[in-house]
**Student:** 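For reference, the structure I am asking about is given below.
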Amino acid sequence: MRIPTRKKPEVLSPAGNLRGLKTAVDYGADAVYCGGKAFGMRSAPKTLSLEDFEEGSRYAHERGARVYVTCNVLPRNNEIEAMREYIGQLKDTGVDALIVSDIGVMMMARQVAPNLELHVSTQAGVTNYQAANAFYELGARRVVLAREMDLQAVRDIRANIPDDLDIECFVHGAMCMAFSGRCLFSNYLTGRDGNHGECAQPCRWKYSIVEEKRPGQYFPIEQTENGAYLFNSQDMNMLGHLDDLIDSGATSLKIEGRAKSAYYIAAMTNAYKTAVNEYMIQRGFEDADGNILLPFHDRVIRPSDPDYGQGTEDQVMRNADAAFAGVADEGYDRAVATSDAPEPDGMSSHARSTRRKSNTAVEQIETDWKHAAVRPAPHVELPEWLLEETDKVAHRDYSTGFYYPEHKVTQNTDRSAYFRSWLVVGEVLSWSADEGGRVTLMSRNKIEPGQQVEFLLPGERPLAYIVPEDGLRDADGTPVPAINNPAHVFSMPCPHQVPINAAIRSRTKKPTLKAE
């Protein structure tokens, strides 16, 4: 059994193993993407076996979710036949789609596994509707856009491709310094091939300079006393802007992080799924119980629509044009954007828009090209607790990627570590109504009386709870003053029913710069 493509926005979550896959599904993922033991853009052990795919597909399908497998490496000549055999094995595991970037692999998959959907990876670098349409004609049912695309580019692609061709966009997580993922940096410096899932992330390293005539003498590039991190990109966080992206035609919202923990997967999946539900309610497509009121549709004005081309240049595009034409935002009066005043530096709107994508052309060819607009709608308001969820996982400084040209992603040149102000202190093993309610947990960090913790609940606001002064016990039922031994079983009073595997987290006493 395979689950058909959704007719509304999809939350697509990562999984590095079977537990991560099940966690993503439990916390609301509409689909999960994961890699196998070969030919995915992540190296072992963050991968799944064929048996894992079979079990994971059954688990997902029983709960209405789908499973996609990454086959997005750029294979070498001696890997072609092994790739063919691997795809032949995958087609019988029950997975729903293959994510590919190489056109040869795509044609191979059509021959070997014709029943599997084909999704074109971000590594293919789709930046325009012509490329998207070409892949569609070759059998693709989804394109994952290059991460360099802004919202206007997403709208323009959506307006000029078939409605049944999905657009998948990244919404959260780490961003590669080579944004479409095509990077030889690691291979050159370490011999570990990023295009085969073995990236050593040298873009995150600390760098110094060496003067040619002074070999062995290293001079730090003093960003801070700890050195400089030249290519260290910020993380992406689009949680508060999902309405802009969905209105612009994105049909799948992709969370990055196949190497992340089950807690990270749970927290971010839950946050983005809740945000999509809020979008569907506030836009009038569903009621609070999830019942369909109207068929979902984006707000992009297509060329076939009567109002196409009327007032198509929105403020996002105008600001971007001004910036790329060498005019600072503060020096360009936004009120002028709707007047008959001359364009900045004499460039036409089309020429400036083209220049944004390429600064190599001396002259621009004038055409009657019109950008696709979006029908206006009120901003979708998300509750404050939901917006705070992204700060409760380890992360670098956040940005909105390239979606808003006037607020583009930058590098954190003074550090490469993660912020962590919350940590997981336990995981629920069971809950019993006995004694007024009692939760049994596997400890991860210290839990003591009076400590405020949160239970991460699927589809709900986290449950805040203060650890009681009495009633903590070890696995033998012996009272203990505090839970102080990681990876041991304990129990404590809890009158609220909580689900198995729910993470228990607590604010750190002192925020740290540490990886997940």
Side-chain angles (χ1 to χ4, degrees), residues 1-6 9-73 86-87 89-100 113 116-117 119 121 142 144 166 168 170-174 197 252-274 276 393 424 427-429 442 456-459 499-503 516:
M1 179 185 70
R2 291 192 173 92
I3 304 298
T5 303
R6 287 170 57 81
E10 171 190 87
V11 174
L12 177 58
S13 298
N17 50 37
L18 184 59
R19 184 192 177 196
L21 186 156
K22 292 182 176 180
T23 297
V25 173
D26 289 345
Y27 278 84
D30 303 302
V32 184
Y33 68 99
C34 36
K37 298 297 183 183
F39 305 117
M41 291 285 287
R42 289 292 183 272
S43 57
K46 294 290 186 177
T47 52
L48 283 77
S49 66
L50 294 173
E51 292 75 19
D52 290 337
F53 282 127
E54 290 181 359
E55 182 178 345
S57 296
R58 284 195 300 270
Y59 190 88
H61 292 168
E62 288 168 358
R63 293 158 178 80
R66 311 174 83 211
V67 176
Y68 310 148
V69 182
T70 56
C71 294
N72 55 345
V73 301
Y86 180 59
I87 291 175
Q89 294 170 334
L90 284 173
K91 72 179 177 63
D92 297 322
T93 62
V95 299
D96 300 278
L98 300 179
I99 305 170
V100 301
L116 294 185
E117 282 187 18
H119 298 176
S121 170
R142 174 176 299 187
V144 187
D166 285 350
E168 182 179 306
F170 283 88
V171 294
H172 197 90
S252 180
L253 312 171
K254 186 171 194 171
I255 301 169
E256 185 277 337
R258 279 196 286 140
K260 296 289 190 178
S261 67
Y263 164 67
Y264 179 97
I265 294 170
M268 293 302 92
T269 299
N270 194 57
Y272 278 87
K273 180 63 174 180
T274 303
V276 169
V393 296
V424 178
E427 182 178 301
V428 174
L429 299 178
M442 177 66 70
L456 183 61
L457 307 178
I500 295 174
N501 296 328
E516 177 73 38

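As the structure is a computational prediction, the values presented were derived from the model and not from experiment.
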**Student:** Looking at every non-hydrogen atom in both residues, tell me the closest pair between A15 and I265 and how far apart they are.
**Tutor:**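 That closest heavy-atom pairing would be CA-CD1, 4.2 Å.
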**Student:** Please lay out, stage by stage, how R258 and T70 fare under the test side-chain contact (heavy atoms from CB on, under 4.5 Å).
**Tutor:** CA-CA 11 Å; R258 279 196 286 140; T70 56; 3.6 Å; yes
**Student:** Find the distance between CG (L12) and CD (E256) and round it off to the nearest 0.5 Å.
**Tutor:** 11.5 Å
**Student:** Show your working on side-chain contact (heavy atoms from CB on, under 4.5 Å) between F170 and V144 and close with a plain yes or no.
**Tutor:** CA-CA 8 Å; F170 283 88; V144 187; 4.0 Å; yes
**Student:** What heavy-atom pair brings S121 and N72 nearest, and what distance separates the two atoms?
**Tutor:** OG-ND2, 3.5 Å
**Student:** For a side chain to side chain contact (heavy atoms under 4.5 Å, CB included) with Y68, tell me which candidate from D96, L116, V95 qualifies.
**Tutor:**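 The residue from D96, L116, V95 that satisfies side chain to side chain contact (heavy atoms under 4.5 Å, CB included) with Y68 turns out to be D96.
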**Student:** Between K254 and Y33, is the side-chain contact (heavy atoms from CB on, under 4.5 Å) condition met? List the steps.
**Tutor:** CA-CA 9 Å; K254 186 171 194 171; Y33 68 99; 3.6 Å; yes
**Student:** What heavy-atom pair brings A24 and V32 nearest, and what distance separates the two atoms?
**Tutor:**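 Smallest heavy-atom distance, with atoms named: CB-CG2, 3.8 Å.
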**Student:** Taking the side chain as everything from C-beta on, heavy atoms only, tell me whether P499 gets closer than 4.5 Å to L457.
**Tutor:** yes
**Student:** How close do R142 and S252 get, heavy atom to heavy atom, and via which atoms?
**Tutor:**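 Closest approach of R142 to S252: NH1-OG, 3.2 Å.
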**Student:** Would you call the rings of Y272 and H172 parallel, tilted or perpendicular, taking 30° and 60° as the class edges?
**Tutor:**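 Rings of Y272 and H172: perpendicular, over 60°.
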**Student:** Taking all non-hydrogen atoms of both residues into account, name the closest pair between I87 and A113 and its distance.
**Tutor:** CG2-CB, 3.9 Å
**Student:** If we ignore angles and hydrogens, is there a donor and acceptor under 3.5 Å between the side chains of D52 and S49?
**Tutor:** yes
**Student:** Taking atom CG of L18 and atom OG1 of T47, what is their separation to the nearest 0.5 Å?
**Tutor:**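 So the gap between those two atoms works out to 11.5 Å.
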**Student:** Within the 4.5 Å heavy-atom criterion, are Y59 and D26 side-chain neighbours or not?
**Tutor:**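 Yes, their side chains come closer than 4.5 Å.
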**Student:** Could you measure the distance from the CG atom of N270 to the OG atom of S13? Nearest 0.5 Å is fine.
**Tutor:** 10.0 Å
**Student:** Working to the nearest 0.5 Å, report the span between CG of L429 and CG of N501.
**Tutor:** 8.0 Å
**Student:** Report yes or no: does D30 contribute a side-chain atom to a donor-acceptor pair with the main-chain N or O of A65 at less than 3.5 Å?
**Tutor:**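 Such a contact is absent between D30 side chain and A65 backbone.
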**Student:** Working to the nearest 0.5 angstrom, can you tell me the gap between F53 CZ and L21 CG?
**Tutor:** 8.5 Å
**Student:** Would you say the side-chain atoms of E427 pair up with the backbone N or O of M442, donor to acceptor, closer than 3.5 Å?
**Tutor:** no
**Student:** Give me the atom names and distance for the closest heavy-atom approach of C34 to V67.
**Tutor:** SG-CG1, 4.0 Å
**Student:** From L48 CG over to E54 CD, what is the distance, rounded to the nearest 0.5 angstrom?
**Tutor:**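 That separation rounds to 11.5 Å.
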**Student:** Please walk me through it: do K260 and M268 pass side-chain contact (heavy atoms from CB on, under 4.5 Å)?
**Tutor:** CA-CA 11 Å; K260 296 289 190 178; M268 293 302 92; over 6 Å; no
